[in-house]
S.K.: 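Sharing a structure here in structure tokens format.
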Amino acid sequence: MLSDALLHLYRLMMRIRVFEEKVQELHKLGRLPGFVHVYLGEEAVAVGACSVLRRTDHITSTHRGHGHCIAKGADVAPMMAELFGKADGYCKGKGGSMHIIDTSLGILGANGIVGGGIPMAAGAGLADTVLGRDGVTVCFFGDGAANQGVLLEALNLSAIWKLPVVYLCESNHYMEFTPTADLTAGRIYRRAEPFGIPGVEVDGNDVLEVRRAAAEAVDRARRGEGPTLIEAVTYRFAGHSEGEEAFVSAYRTEEEVESWKARDPVTCFRERLLAELPDRASELDDIDDAEQASVEAAVRFAEAAPFPPPGQALEHVFAEAGA
Amino acid sequence: MLSDALLHLYRLMMRIRVFEEKVQELHKLGRLPGFVHVYLGEEAVAVGACSVLRRTDHITSTHRGHGHCIAKGADVAPMMAELFGKADGYCKGKGGSMHIIDTSLGILGANGIVGGGIPMAAGAGLADTVLGRDGVTVCFFGDGAANQGVLLEALNLSAIWKLPVVYLCESNHYMEFTPTADLTAGRIYRRAEPFGIPGVEVDGNDVLEVRRAAAEAVDRARRGEGPTLIEAVTYRFAGHSEGEEAFVSAYRTEEEVESWKARDPVTCFRERLLAELPDRASELDDIDDAEQASVEAAVRFAEAAPFPPPGQALEHVFAEAGA
Amino acid sequence: MANVYFMQAMHQALAAAMEEDETVVVLGEDVDRGVFGVTRGLIDRFGPNRIRKTPISEATFVGGAVGAAAAGLRPFAHVMFSSFFYVAMDQIANQAARLRYMSGGQVELPIVYFAGTGPSGSAAAQHSENPHSILMHTAGLKVVMPSTPYDAKGLMTAAIRDPNPVIYLADLRLSRLRAAVPAEPYEIPLGSADIKRVGEDVTVVALASLVPPVLEAAAELEEEGVSVEVIDPRSLVPFDWEMVAASVRRTGRLVVADPARRLCGAAGEIIAGVSERVWDSLLARPRRLTWPDVPVPFSPPLEKELDVGAEDVKQAVRDVLDESSRRIPAARGAARGSA
Amino acid sequence: MANVYFMQAMHQALAAAMEEDETVVVLGEDVDRGVFGVTRGLIDRFGPNRIRKTPISEATFVGGAVGAAAAGLRPFAHVMFSSFFYVAMDQIANQAARLRYMSGGQVELPIVYFAGTGPSGSAAAQHSENPHSILMHTAGLKVVMPSTPYDAKGLMTAAIRDPNPVIYLADLRLSRLRAAVPAEPYEIPLGSADIKRVGEDVTVVALASLVPPVLEAAAELEEEGVSVEVIDPRSLVPFDWEMVAASVRRTGRLVVADPARRLCGAAGEIIAGVSERVWDSLLARPRRLTWPDVPVPFSPPLEKELDVGAEDVKQAVRDVLDESSRRIPAARGAARGSA
Ligand SMILES: Cc1ncc(C[n+]2csc(CCOP(=O)(O)OP(=O)(O)O)c2C)c(N)n1
Ligand SMILES: Cc1ncc(C[n+]2csc(CCOP(=O)(O)OP(=O)(O)O)c2C)c(N)n1
Ligand SMILES: [Mg+2]
Ligand SMILES: [Mg+2]
């Protein structure tokens with residue numbers, strides 16, 4: 001890989017990192033309405049996977065969607081404004097954290113329903129197939145979502161129709177406050193096998209490994225050879241949702257969290273880049289600074305933006321014919 | 001196996017055979033309201049599986065449920081009356097062919113929703129587990145139903161809770177008018193593997209083979225070792241539903257149907273019994289006659305029974321507290 | 001104009017739409033043959049790339065239609081029996097009906113969700129739902145339910161061309177209807193009701209398979225000297241409040257006949273919505289004719305017991321007339337006259 | 001009587017029911033901790049055999065409850081947010097609500113389906129539904145929706161003891177309510193409404209989280225000399241038509257406040273049902289206060305725009321009074337008097 005491309009991966013991961021840390025901070029200050037689920041610790045998954053996608057490719061996302069959106073090219077300013085519920089947000093304040101959508105980037109939406117995006121991804125893949133486009137859809141979903149029946153249905157449908165869809169399970173070990181393994185039989189990536197779909201496991205904290213697996217799956221899909229299931233093993237550093245301490249007692253040990261932080265996907269990748277591209281070390285600092293600055297700017301943008309006029313609550317239910 | 005037990009298997013298969021042929025005949029005469037799906041050709045599956053169940057064990061059934069009900073001990077007279085929509089039917093005429101229920105026999109119901117019985121079976125298994133009973137539930141479902149997501153969900157749930165449930169897929173090669181293989185990736189029995197559940201394939205036209213597989217699965221379940229998925233490969237001799245010729249052109253070849261009729265589970269078993277128990281040959285004839293007579297009697301019972309008074313349409317929505 | 005059956009009329013509109021726009025695709029179980037005939041044979045004309053037989057996985061093909069629409073197709077999803085909407089309800093109510101709104105208007109979702117609906121003769125409780133009021137309440141879905149082959153065709157064309165998810169419910173009791181229908185495609189705008197019979201004394205709003213018995217009752221009442229106006233809303237979302245309100249403003253009397261359960265049903269809604277608009281014109285309490293609040297039973301006499309028939313309609317019309325002649329304040333009664 | 005929060009009141013009833021009947025089991029995601037607190041801590045008292053944390057598989061644990069109930073348990077299924085009912089709608093509407101009827105009355109299904117419901121502060125379109133009218137229309141489900149800790153506890157006891165599937169909706173906007181509640185279990189019969197404030201001029205029927213603003217409005221209106229009777233149905237199926245109709249018979253005026261969408265909603269139903277019963281007593285057109293027919297938006301000012309508040313209630317009450325004093329026939333107006 002070209003070093004510029006490597007730095008770009010780093011930049012996106014850092015963008016997510018900085019964005020989410022800022023989100024945490026703002027949430028603590030009571031500035032963000034609604035539920036907020038941050039992606040800290042999982043940055044390598046979204047960035048690795050989306051790095052092999054084109055702008056015209058699609059993704060479907062989850063309640064924990066900020067990282068997917070940023071990795072697919074979303075701008076942090078309208079994202080932040082959306083989190084604030086402002087008129088200049090991606091969805092004009094209608095969606096919020098759990099529903100960020102940018103169809104011009106192929107982002108078919110974060111989704112508040114666990115598993116809700118899975119059928120949609122198959123449908124987007126169908127559109128590519130029917131229309132003879134060589135697009136690909138990446139369907140992000142959690143390890144908890146892997147127990148929703150739509151996974152079986154979508155795997156089956158994608159297999160028989162050879163849909164160009166990559167099912168990417170983010171195995172972050174928890175579904176809300178419950179260890180996934182407690183309520184999940186067997187390994188998720190193996191659920192692909194009976195359908196004749198390749199099922200692979202990757203280190204979700206290693207952006208290059210995710211990228212490699214995604215590239216293989218995406219190429220396969222583009223060639224018309226059908227879907228792949230990738231299970232990216234990772235960990236979320238933060239709680240399930242911000243502010244959960246208020247009503248949930250601890251459900252993870254300090255040691256567990258620390259052991260994963262020692263494998264922080266962002267800092268590990270940074271160290272690796274420092275080792276492999278020592279002459280570009282200063283650029284990493286520049287990236288950190290630039291991302292920090294852009295997220296700060298995003299916050300200012302969001303704060304300055306107006307709330308939507310109340311009457312807008314009544315708009316956007318239906319599209320006008322011929323509009 | 002004792003020869004009496006073998007004869008009993010034969011009797012039940014013959015009972016289903018005679019019942020269903022009579023149902024076809026009545027349907028052609030326009031005597032039966034609503035949809036009717038007959039079980040001809042699949043008799044060995046229900047009889048083999050239910051032969052290892054106790055009265056207190058449960059089954060969940062499908063739209064093609066007559067065979068399951070008879071195999072679990074249902075009486076053909078109130079069954080037939082139910083098909084006629086009569087007051088003396090199992091469900092007082094409220095349910096019809098697709099909804100025969102007899103809770104006293106553990107029949108939790110035929111079900112008009114493809115896959116509808118799958119979660120219910122897991123729930124019945126949970127009741128046995130929670131209450132410390134050694135009951136078992138057999139969940140019958142079609143190969144078409146295997147593409148409903150609830151299968152994944154129920155397999156996962158049953159695996160983690162080691163529920164005493166046997167998932168029995170009747171692979172009769174069709175879902176309505178479409179070959180199952182056209183729209184089903186891989187083999188269904190293999191869908192158990194990722195959950196660590198035994199998945200086995202059996203010849204669904206051989207009642208003893210079904211019985212053997214069911215016995216193993218049921219024993220395992222009773223011992224508290226959890227669920228099994230059995231795929232019984234079989235074939236339906238008749239159409240998807242009676243009268244379909246009126247609106248569906250042929251979707252199977254004569255040869256295909258004939259090749260399966262050559263492996264008719266009832267006549268093959270009869271021949272085998274004749275060979276193995278030559279001294280009881282006459283009893284087989286007696287059984288045939290008796291079953292024929294009892295189905296004739298069932299028709300007379302059904303015909304003589306009154307329709308429910310129209311006002312009964314308003315009853316049985318809610319149970320009275322303390323009733 | 002050839003005589004065509006109810007389902008054939010929809011078939012014609014769908015086929016023409018597929019000719020006209022190659023992004024229209026059909027999804028559903030056995031859609032090559034098609035239990036109701038609406039999609040039958042299309043596979044021969046348009047091939048398996050556009051006529052997609054699906055596995056029995058309602059949640060996924062209904063939700064797939066959402067993703068497909070967002071990515072450039074115009075899916076016609078054949079849900080078969082409307083009871084099966086419940087199997088895919090998340091994808092209908094949380095996804096299809098929400099995505100545009102949640103996105104602040106970014107997405108258009110031109111989807112038709114088609115199903116045969118209502119009792120069709122002892123299909124029993126899991127194949128006989130009329131869930132239109134549930135879908136009306138959802139917000140974000142248009143809902144149509146025609147009563148004639150002509151309307152069926154025109155509404156189908158409009159539904160397919162509409163940029164929003166449209167629930168298209170074909171009342172199975174109307175399958176045998178046959179009528180002359182123009183060969184060319186035409187649109188009936190969603191949201192336009194139709195006066196099926198002009199009258200002066202009582203407005204009867206009737207949905208889907210209750211239109212024929214209501215017309216029958218109206219014809220019989222004519223002989224008794226009672227003039228009934230029969231309105232078929234055709235589209236439930238959007239609803240043509242204006243036409244219905246205008247009629248009731250003239251007649252002063254309202255009966256609503258809806259082949260569905262009562263509690264929170266469309267009949268109550270129509271009464272509430274019309275009352276809000278023309279309260280002062282009402283000469284008697286509006287009547288609703290609906291099923292009782294029970295599942296649909298199997299046995300023919302039980303199923304029949306749920307039905308609203310011409311006799312019920314006649315009785316309700318007479319009741320409304322009686323009440324208004326007995327009770328309206330003299331001044332008003334004089335002004336309006338009543339039969 | 002200790003002061004307890006809304007959800008704690010339900011928790012007490014559930015815990016007591018589990019003590020009293022060992023076939024009561026809890027199913028649902030994270031029910032050991034429980035996002036709303038209704039099941040929190042029960043696992044320490046009753047252990048993991050009876051407090052069953054489920055995978056994220058709503059269709060299967062909701063449908064599992066049906067099989068479990070038919071096989072001898074009394075499941076309390078914690079569906080979490082009521083938007084998730086749609087994910088399991090087949091199992092609710094085609095199975096739980098149908099099995100007893102289809103079996104001709106053979107089966108009892110003592111199940112409680114519990115969910116937090118309604119907007120809870122920018123939870124947006126997929127976590128803020130108030131689907132009670134959809135569940136009311138289904139037939140075969142009882143539906144309760146309390147507005148006070150006292151009612152919450154009594155209805156929970158009744159719901160768990162009831163031999164039928166009961167949908168128990170806990171309005172999330174009421175989470176901070178706190179009130180004194182008897183320590184011992186007690187039952188409030190399903191189907192009994194409650195007069196939350198006695199009044200003479202106008203009847204306001206209010207559901208769940210709209211009861212507090214309606215009471216606030218009533219108190220303020222008192223100062224204007226208007227006497228408002230406030231009725232909380234508490235249970236929507238069965239519905240206490242008698243109590244509501246009796247009140248309207250006295251007041252002659254009806255306003256219904258329902259925190260849900262309008263089309264085919266409970267407000268329209270209550271107006272239709274009451275009008276049918278007491279048409280002659282109505283002195284003005286009944287008013288409904290509901291959300292507009294849109295999904296629930298995220299942004300605080302948008303979400304607030306949907307709300308029905310005390311001011312809306314006051315306005316509606318004044319409108320009803322105005323209209324009746326302007327328009328009622330003199331004779332009737334004199335007989336009743338109006339503010
Ligand atoms: C259908 C549905 N059920 C339950 C929830 C509540 N919920 C939100 S996130 C979550 C856990 C999801 O776990 P996972 O899929 O592993 O994603 P993660 O949060 O770990 O990224 C649950 C149960 C929901 N939003 N939707
Ligand atoms: C949820 C649902 N979808 C579709 C149908 C219509 N339908 C009835 S039977 C059937 C085919 C079922 O195939 P399979 O499960 O293989 O059972 P078989 O008829 O072969 O016994 C279909 C699609 C239905 N009843 N329920
Ligand atoms: Mg997870
Ligand atoms: Mg089959």
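The figures here come from the full heavy-atom set of this structure, side chains too, leaving out hydrogens, waters and symmetry mates. This structure is a prediction, so every number in the text was calculated from the model and none was measured. Here is how names work: the chains are called A, B, and so on, in the same order as the sequence lines, proteins then strands, and each is numbered from 1.
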S.K.: If we check side chain to side chain contact (heavy atoms under 4.5 Å, CB included) with B:Phe318, which of these qualifies: D:Leu141, D:Asp162, D:Asn164, D:Leu109?
M.R.: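 Of all the options given, the one that passes is D:Asn164.
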S.K.: Residue by residue, which of residues 68-80 of chain D have a heavy atom closer than 4.5 Å to a heavy atom belonging to chain B?
M.R.: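 The list, in residue order, reads D:Ala68, D:Ala70, D:Ala71, D:Gly72, D:Leu73.
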S.K.: If you count heavy-atom pairs under 4.5 Å with chain D, which of B:Asn111, B:Ile118, B:Asn156 comes out on top?
M.R.: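 Between B:Asn111, B:Ile118, B:Asn156, the count favours B:Asn111.
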S.K.: Just give me the residue among B:Met98, B:Lys92, B:Met120 that pairs up with chain D most often, heavy atom to heavy atom, under 4.5 Å.
M.R.: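 Of the options given, most contacts go to B:Met120.
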S.K.: Can you confirm whether D:Gln95 sits close enough to B:Ile113 that some side-chain heavy atom of one is under 4.5 Å from a side-chain heavy atom of the other?
M.R.: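 They are in side-chain contact.
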S.K.: Taking every heavy-atom pair that is under 4.5 Å apart, which of B:Val130, B:Ile100, B:Thr103 has the most such pairs with chain D?
M.R.: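 Of the candidates given, the most pairs with chain D belong to B:Val130.
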S.K.: For B:Thr129, is it the side chain, the backbone, both, or neither that has a heavy atom closer than 4.5 Å to a heavy atom of chain D?
M.R.: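 Contact with chain D is through both the backbone and side chain of B:Thr129.
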S.K.: What part of D:Val237 lies closer than 4.5 angstrom to a heavy atom of chain B: side chain, backbone, both or neither?
M.R.: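 Contact with chain B involves the side chain of D:Val237 alone.
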S.K.: Passes side chain to side chain contact (heavy atoms under 4.5 Å, CB included), B:Glu315 versus D:Tyr101? Steps please.
M.R.: CA-CA 8 Å; B:Glu315 291 172 28; D:Tyr101 188 82; over 6 Å; no
S.K.: With a 4.5 angstrom heavy-atom cut-off, which part of B:Ala110 approaches chain D: side chain, backbone, both or neither?
M.R.: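 For B:Ala110, neither part sits under 4.5 Å from chain D.
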S.K.: For D:Gln91 and B:Pro119, which heavy atoms make the closest approach, and how far apart are they?
M.R.: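 Nearest pair, atom of D:Gln91 first, then B:Pro119: NE2-CG, 3.4 Å.
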S.K.: Among D:Ile56, D:Val107, D:Leu99, which has the most heavy-atom pairs under 4.5 Å with chain B?
M.R.: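 Most pairs with chain B among the choices: D:Leu99.
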S.K.: Taking side chain as C-beta onward, heavy atoms only, is D:Arg98 less than 4.5 Å from B:Val317?
M.R.: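 In short, these two side chains do not touch, never coming nearer than 4.5 Å.
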S.K.: For the pair D:Gln106 (side chain) and B:Tyr90 (backbone), establish whether a donor and an acceptor sit closer than 3.5 Å, ignoring hydrogens and angles.
M.R.: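 A pair under 3.5 Å: yes.
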S.K.: With only heavy atoms counted, which part of B:Ile160 is less than 4.5 Å from chain D, the side chain, the backbone, both or neither?
M.R.: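 Side chain only.
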S.K.: What's the spacing between B:Leu108 CG and D:Ser103 OG if we round to 0.5 Å?
M.R.: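 Spacing of CG (B:Leu108) from OG (D:Ser103) equals 10.5 Å.
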S.K.: With a 4.5 angstrom heavy-atom cut-off, which part of B:His58 approaches chain D: side chain, backbone, both or neither?
M.R.: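 It is the side chain, since no backbone atom gets that close.
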S.K.: Output the residues of residues 14-41 of chain D for which the shortest heavy-atom distance to chain B is under 4.5 Å, in residue-number order; output 'none' if no such residue exists.
M.R.: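 The stretch touches chain B at D:Thr23, D:Val25, D:Leu27.
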S.K.: I need the minimum non-hydrogen distance between B:His316 and D:Arg100, along with the two atoms involved.
M.R.: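 Taking every non-hydrogen atom into account, O-CG, 3.6 Å.
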S.K.: For residues B:Gly116 and D:Asp90, report the shortest heavy-atom separation together with the two atoms involved.
M.R.: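 Closest pair (atom of B:Gly116, atom of D:Asp90, distance): CA-OD2, 4.5 Å.
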S.K.: Determine the minimum heavy-atom distance between D:Ala59 and B:Glu153, stating which atoms define it.
M.R.: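 For D:Ala59 and B:Glu153, the tightest heavy-atom pair comes out as CB-OE1, 3.6 Å.
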